[in-house]
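Taking it in order: structure first as structure tokens, then the write-up.
Quick caveat: nothing in here was measured; it's all calculated off a predicted structure.
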Amino acid sequence: MTETDRQLTQRLERAVMALLERRRDGASICPSDAARHAYDGDDEGWRALMEPARRAAWRLAAAGKVEVTQAGRPVTRAEARGPLRIRRAPH
């Protein structure tokens with residue numbers, strides 16, 4: 001059975017949240033961390049999950065669970081350019 005886009009996004013969302021749970025408050029991860037965590041192989045195939053990992057981060061941000069940041073400050077999807085970081089949203 002082939003994984004749907006929705007299933008992949010949900011798996012990556014779970015990966016993001018699982019990785020952040022292991023970090024101290026305020027610490028961040030890269031979308032590549034989630035892609036590597038969710039990838040089953042030991043080759044470079046995780047790279048194909050980078051864009052889906054970014055989409056998962058934006059979905060989690062929209063739900064108020066995480067913040068997507070650049071240079072340590074939260075950014076919106078419209079203003080984001082270049083490398084992103086993901087951290088838990090403040091309580």
Atom [atom1] in [X], atom [atom2] in [Y]: separation rounded to 0.5 Å?
{"X": "Ile29", "Y": "Arg36", "atom1": "CD1", "atom2": "CZ", "answer": "11.5 Å"}
{"X": "Trp58", "Y": "Glu13", "atom1": "CH2", "atom2": "CD", "answer": "14.0 Å"}
{"X": "Asp5", "Y": "Gln10", "atom1": "CG", "atom2": "CD", "answer": "11.0 Å"}
{"X": "Arg87", "Y": "Ser28", "atom1": "CZ", "atom2": "OG", "answer": "7.5 Å"}

Of all the heavy-atom pairs spanning [X] and [Y], show the shortest one and how long it is.
{"X": "Leu12", "Y": "Ala34", "value": "CD2-O, 3.8 Å"}
{"X": "Asp43", "Y": "Tyr39", "value": "OD1-OH, 2.5 Å"}
{"X": "Ala56", "Y": "Thr9", "value": "CB-O, 3.9 Å"}
{"X": "Ala38", "Y": "Ala15", "value": "CB-CB, 4.4 Å"}
{"X": "Val66", "Y": "Ala57", "value": "CG2-O, 3.6 Å"}

Find out whether [X] and [Y] are in side-chain contact, i.e. whether some heavy atom of one side chain is under 4.5 Å from a heavy atom of the other.
{"X": "Asp33", "Y": "Ile86", "value": "no"}
{"X": "Lys65", "Y": "Arg88", "value": "no"}
{"X": "Glu67", "Y": "Pro90", "value": "yes"}
{"X": "Arg54", "Y": "Met50", "value": "yes"}

Can any side-chain N or O of Gln70 pair as donor or acceptor with the backbone N or O of Arg81 at less than 3.5 Å? yes
Look at the side chain of Thr69 and the backbone N and O of Gly72, then say whether any donor-acceptor pair between them is shorter than 3.5 Å. no
May I have the step-by-step check of side chain to side chain contact (heavy atoms under 4.5 Å, CB included) for Leu19 and Arg22, ending in yes or no? CA-CA 5 Å; Leu19 290 167; Arg22 297 179 191 159; 3.9 Å; yes
Stepwise, does the side chain to side chain contact (heavy atoms under 4.5 Å, CB included) test hold for Arg14 with Met17? CA-CA 5 Å; Arg14 288 190 301 272; Met17 296 309 295; 5.9 Å; no
Are Leu60 and Leu8 connected, step by step, through hydrophobic side chains (Ile, Leu, Val, Met, Phe, Trp, Tyr) whose heavy atoms are closer than 4.5 Å? no
Should Arg55 and Arg77 be marked as a side chain to side chain contact (heavy atoms under 4.5 Å, CB included) after you check the CA-CA gap, both sets of side-chain angles, and the distance that decides it? CA-CA 10 Å; Arg55 284 194 305 267; Arg77 194 172 196 165; 3.8 Å; yes
Taking atom CG of Asp42 as the centre, does the number of heavy atoms from other residues, nucleotides or ligands within less than 6.0 Å exceed 12? no
